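Notes follow the structure.
Reckoned from all heavy atoms, side chains included, excluding hydrogens, waters and symmetry mates. Owing to the predicted nature of the structure, the values given are computational and were not obtained by experimental measurement.
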Amino acid sequence: TDKLLGTMTTTSSEKAKKYLENMGVLVQTDTRVESYDGRSVITTTGNILSLNVIWTAGMKGISVDGIPKGVITPAGRIEVDKINRVTGMDDVYAVGDIAYMATDQFPKGHPQVAPVAIAQARNLARNLINTRQGRQLQPFRYKDKGIMATVGRNLAVVELPFIKFGGFPAWVTWMFVHLMSILGIKNKFFIFVNWLTNYFSYNLSLRLIIKPGK
């Protein structure tokens, strides 16, 4: 694609690209991988010599036996109606990443993020109760509270309905939101202490970006 963060604005994508380039990452957009022979990645803009290739180009749903082929999108998502019921089926539902619900606000389906899955599950649970009690079903409406992406240490981008920002403030916001989503006070405390220790000690067991020595 023409930008790094498909679900975010061009401004946030450009910030993320700048952050990565400052860390020594060579970013290529508008480039499609055609093949890999074990030594060279062949792309539409040239070849990249490498013995190690990590492929992280999104996700694809796993097909389930019994689901009509006509309701499965090329990305493997299952088409559902406004109450997350699989199109053309009774008493079969799909929520979250696997569910494809096209709306005016999200013509390509909702973002594949946790808040969408949680909200759909809650709405479906209420509708299952409504069905048993003979009450009217409520269609799913997603209230987008914003989206975030972390790029690295002290680097992130945040898009809220009323403001967009990046850098260290965005990274702190990302950390806070993820910390609050963890269940249990005890878990929150130990994870916070672990993050704090790693921040000041630089003690990370996994480093995806290794800068060359001086």
Side-chain angles (χ1 to χ4, degrees), residues 1-61 75-76 97 108-117 144-182 187-188 190-214:
T1 61
D2 60 349
K3 61 180 183 178
L4 288 180
L5 305 172
T7 58
M8 303 184 78
T9 63
T10 302
T11 301
S12 294
S13 288
E14 286 300 316
K15 284 183 179 179
K17 181 180 179 182
K18 181 180 178 180
Y19 295 154
L20 288 170
E21 289 176 340
N22 289 340
M23 288 189 284
V25 179
L26 176 62
V27 180
Q28 294 188 14
T29 54
D30 288 312
T31 302
R32 181 167 58 88
V33 174
E34 295 185 327
S35 63
Y36 175 60
D37 59 10
R39 291 183 175 274
S40 179
V41 181
I42 293 87
T43 76
T44 53
T45 58
N47 296 351
I48 303 172
L49 298 177
S50 180
L51 297 176
N52 298 297
V53 177
I54 302 173
W55 184 260
T56 59
M59 63 187 83
K60 184 174 183 179
D97 292 354
K108 296 183 180 180
H110 293 88
Q112 292 171 293
V113 294
V116 172
D144 189 1
K145 297 179 181 179
I147 189 169
M148 303 178 294
T150 180
V151 182
R153 181 186 178 89
N154 298 336
L155 299 173
V157 286
V158 172
E159 292 186 356
L160 302 177
F162 50 88
I163 191 173
K164 299 177 178 64
F165 55 99
F168 179 74
W171 184 74
V172 172
T173 302
W174 184 92
M175 298 280 283
F176 175 78
V177 170
H178 281 74
L179 187 64
M180 290 300 101
S181 66
I182 296 170
N187 290 334
K188 286 184 174 68
F190 283 112
I191 290 175
F192 175 74
V193 171
N194 184 48
W195 285 353
L196 202 62
T197 302
N198 289 337
Y199 183 80
F200 288 105
S201 67
Y202 288 82
N203 183 23
L204 295 177
S205 60
L206 175 64
R207 293 190 182 276
L208 296 179
I209 300 175
I210 303 174
K211 296 182 179 180
K214 294 182 180 179

Show me the donor-acceptor pairs, under 3.5 Å and distance only, between side chains in residues 174-181 and residues at least two apart or in other chains.
{"unit_1": "H178", "atom_1": "ND1", "unit_2": "W174", "atom_2": "O", "d": "2.9"}
{"unit_1": "S181", "atom_1": "OG", "unit_2": "H178", "atom_2": "O", "d": "2.7"}

Do T1 and T29 come within less than 4.5 Å of each other through their side chains, counting heavy atoms only? no
Ignoring hydrogens, what is the shortest heavy-atom contact between A16 and L5? Give both atom names and the distance. CB-CD1, 4.0 Å
So how far is it from T31 OG1 to D2 CG, rounded to the nearest 0.5 Å? 11.0 Å
How would you list all residue pairs meeting salt bridge (Lys or Arg N to Asp or Glu O under 4.0 Å) that involve residues 9-32, not counting sequence neighbours? R32-E34
What verdict does the side chain to side chain contact (heavy atoms under 4.5 Å, CB included) test give for I42 and V33, after you've listed the backbone C-alpha separation in whole Å, the side-chain angles of each residue and the deciding distance to 0.1 Å? CA-CA 6 Å; I42 293 87; V33 174; over 6 Å; no
Looking at T10 and K3, what are the two nearest heavy atoms and their distance? N-NZ, 4.1 Å
Distance-only criterion, 3.5 Å: show the donor-acceptor pairs between side-chain atoms of residues 152-168 and protein atoms not counting sequence neighbours.
{"unit_1": "R153", "atom_1": "NH1", "unit_2": "Y199", "atom_2": "O", "d": "3.1"}
{"unit_1": "R153", "atom_1": "NH2", "unit_2": "Y199", "atom_2": "O", "d": "2.5"}
{"unit_1": "R153", "atom_1": "NH2", "unit_2": "Y202", "atom_2": "OH", "d": "3.3"}
{"unit_1": "N154", "atom_1": "OD1", "unit_2": "Y199", "atom_2": "OH", "d": "3.2"}
{"unit_1": "N154", "atom_1": "ND2", "unit_2": "Y199", "atom_2": "OH", "d": "3.4"}
{"unit_1": "E159", "atom_1": "OE2", "unit_2": "T9", "atom_2": "N", "d": "2.9"}
{"unit_1": "E159", "atom_1": "OE2", "unit_2": "T9", "atom_2": "OG1", "d": "2.5"}
{"unit_1": "E159", "atom_1": "OE2", "unit_2": "S12", "atom_2": "OG", "d": "2.6"}

Which residues pass the side chain to side chain donor-acceptor pair (under 3.5 Å) test with N187, sequence neighbours left out? none
Partners meeting salt bridge (Lys or Arg N to Asp or Glu O under 4.0 Å) with R39 (sequence neighbours left out): none
Can you tell me how far CG of L51 sits from CG of L49, rounded to the nearest 0.5 angstrom? 9.0 Å
Nearest-0.5 Å distance, CG of residue L26 to CG of residue L20: 11.0 Å
Using side chain to side chain donor-acceptor pair (under 3.5 Å) as the criterion, list what pairs up with T43, not counting sequence neighbours. T45
Please report the shortest heavy-atom distance between N52 and Y36, naming the atom on each side. N-OH, 4.2 Å
For T197, enumerate each residue passing the side chain to side chain contact (heavy atoms under 4.5 Å, CB included) test, keeping only those at least two apart in sequence or located in another chain. V193, S201
Residues in side chain to side chain contact (heavy atoms under 4.5 Å, CB included) with L196, at least two apart? F192, F200
